[in-house]
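Comments concern the structure below.
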Amino acid sequence: MTELLTFPSDFLWGAATAAYQIEGAWNEDGKGESIWDRFSHTPGKIRDGDTGDVACDHYHRYREDVALMSQLGLKAYRFSISWPRVIPNGWGAINPAGFDFYDRLVDELLAANIQPFVTLYHWDLPQALQDRGGWGNRDMCGYFADYAALMARRLGDRVRHWATFNEPMGIAFAGHHSGEHAPGLRNEKLAVQVAHHLLVAHGMAVQAMRGIDARLNAGIVIDAWPIDCMTDTEEDRAFAEMMWQTHPAWFFGPLFRACYPPVALQMYGDKAPDVRPGDMALVSQRLDFLGINTYSRLVVQNGQVIKPVPGSEYTEMDWEIHAPAMRRMLVRIMRDYAPPPIYITENGAAFADEVSPDGCVHDPRRIAYLQDHFTQARLAMNDGVELRGYFVWSLLDNFEWSNGYSKRFGLMHVNYATQQRTLKDSAKWYAQVIARNGWEDRCDTVTLTTTRANT
Ligand code: FCB
């Protein structure tokens with residue numbers, strides 16, 4: 001027996017991308033260099049020596065891409081602005097051609113009845129600002145707030161939803177501790193200070209944007225993966241909790257409780273950040289929405305992350321597929337922080353997709369992944385989580401950071417030699433989900449009224 005699993009009529013189904021991962025045109029029409037341009041041009045940093053120089057050539061093909069979004073029936077599209085495209089040095093002179101590009105993109109989206117969700121910073125800092133110390137320099141907060149205000153002034157009449165940062169944890173730690181991402185530094189104390197500066201910059205940017213238009217919806221996108229214990233021992237539970245407190249809660253705490261989690265502060269010891277009077281009030285001001293990026297979970301045992309978890313399935317990123325943990329995490333975030341309405345701003349999976357001789361891309365595992373996660377999201381809503389929308393990562397295959405083009409997350413396949421886009425089966429399936437605002441599901445897998453996250 002099946003029943004139609006439905007979502008609220010105003011639920012925003014969308015897809016997400018980021019400027020550096022899709023735009024290309026890295027040095028065209030007056031764009032400045034970003035830290036990702038510099039990093040990807042440095043030998044040995046990116047798999048196969050790939051760069052985002054051309055990527056999906058979206059800068060030139062955005063009209064075609066919006067037409068494809070329209071074909072899918074997307075209600076919203078999350079993209080980021082390349083800061084050095086609009087302000088080549090990050091401060092000072094602006095680049096009119098860069099602004100024009102985003103103007104045209106927004107107009108194209110609105111004409112197709114697709115709501116633009118803008119992220120101001122998805123990792124491509126102007127290199128000129130890195131040369132002034134990058135996020136380790138507190139002055140960046142002011143530069144960022146000025147940039148946010150400029151964008152709000154330029155696009156705020158048409159863009160209602162603005163996220164300041166994408167994944168501050170990744171920016172701070174992958175960029176400044178593990179060095180896997182630009183600017184490729186390896187200094188934990190610096191990374192913790194960078195995380196603090198990002199939070200302060202977020203607060204200042206929200207204020208600056210509200211100064212331009214008090215009705216704008218301001219938010220931030222946090223990367224949060226649930227953490228489960230392999231066995232239910234006190235030690236494992238304590239370790240899992242420590243990981244939660246030092247990672248996602250390190251950001252949720254300041255944003256929603258105006259303080260860093262005490263156990264995490266203690267753990268960082270002399271690496272704890274320099275916090276100035278007034279910072280926490282700035283960081284914790286009211287937000288209109290919270291974006292959550294989530295893909296997998298971590299499972300711990302005996303003080304370590306276990307991989308592989310016996311019996312589990314993994315994606316091409318080597319990320320475990322386990323949708324129920326997402327529901328539990330959303331419920332926890334709701335209970336611990338009473339956040340504003342939530343959007344899943346990224347969720348999806350990489351698989352080794354190929355165009356078949358029949359011209360199609362058959363990706364049943366992505367359909368299964370998305371269906372499982374949508375189901376858990378719906379269950380979380382039933383638990384009381386105020387989830388307003390869901391952005392699949394990603395609209396199209398793209399430059400996956402240090403993995404180059406080797407990981408395909410798209411609903412659309414991209415042939416990088418010809419730039420041809422092909423709708424994968426998952427895209428066609430997603431279009432049906434959007435059109436029906438749900439899908440037929442077996443009653444035994446979805447018992448919306450009885451199942452609870454913590455039972
Ligand atoms: C997230 C990033 C996004 C993409 C996905 C796979 O951490 O925000 O740009 O790379 O992972």
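Both ligands and their constituent atoms are indexed starting at 1 by order of listing. Values below: every heavy atom of this structure, side chains too, minus hydrogens, waters and symmetry copies. Small disclaimer: the values here were computed from a predicted structure and weren't measured.
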With under 30° as parallel and over 60° as perpendicular, where do the rings of Tyr20 and Phe399 fit, or are they tilted in between?
perpendicular
For the 3.5 Å polar cut-off, considering only N or O atoms, please tell me whether Trp401 and ligand 1 meet it.
yes
Counting each atom of ligand 1 from 1 as listed, which ones have a heavy atom of Glu400 under 4.0 Å away?
4 (C), 6 (C), 10 (O)
Short side-chain to backbone donor-acceptor contact, Asn415 and Thr418, under 3.5 Å
yes
Would you call the rings of Tyr430 and Phe374 parallel, tilted or perpendicular, where under 30° means parallel and over 60° means perpendicular?
tilted
Do any nitrogen or oxygen atoms of His122 come within less than 3.5 Å of a nitrogen or oxygen of ligand 1?
yes
Are any side-chain N or O atoms of Thr294 and backbone N or O atoms of Ala224, one a donor and one an acceptor, separated by less than 3.5 Å?
yes
Would you verify whether the NZ or CZ of Arg85 falls within 45 degrees of the ring axis of Tyr59 while also being under 6.0 Å from that six-membered ring's centre?
yes
What atoms of ligand 1 come closer than 4.0 angstrom to any heavy atom of Trp393?
3 (C), 4 (C), 5 (C), 6 (C), 9 (O)
Within the distance-only criterion (no hydrogens, no angle test), does the side chain of Trp429 pair as donor or acceptor with the backbone N or O of Ala368 below 3.5 angstrom?
no
Quick check: are there more than 12 heavy atoms from other residues, nucleotides or ligands sitting under 6.0 Å from CH2 of Trp13?
yes
If you take the nearest heavy atom of each of Asn166, Thr294, Asn403, which one is closest to atom 8 (O) of ligand 1?
Asn166
Compare Tyr295, Trp225, Phe409 and give the one whose heavy atom is closest to atom 5 (C) of ligand 1.
Tyr295
For ligand 1, is any non-hydrogen atom under 4.0 Å from Met317's backbone (N, CA, C, O), its side chain (CB onward), both, or neither?
neither
Check each atom of ligand 1 against the heavy atoms of Gln21 and keep those under 4.0 Å away; list them by number with element.
3 (C), 4 (C), 9 (O), 10 (O)
Taking atom 2 (C) of ligand 1 as the reference point, the nearest protein heavy atom with its distance:
Glu346 OE1, 3.3 Å
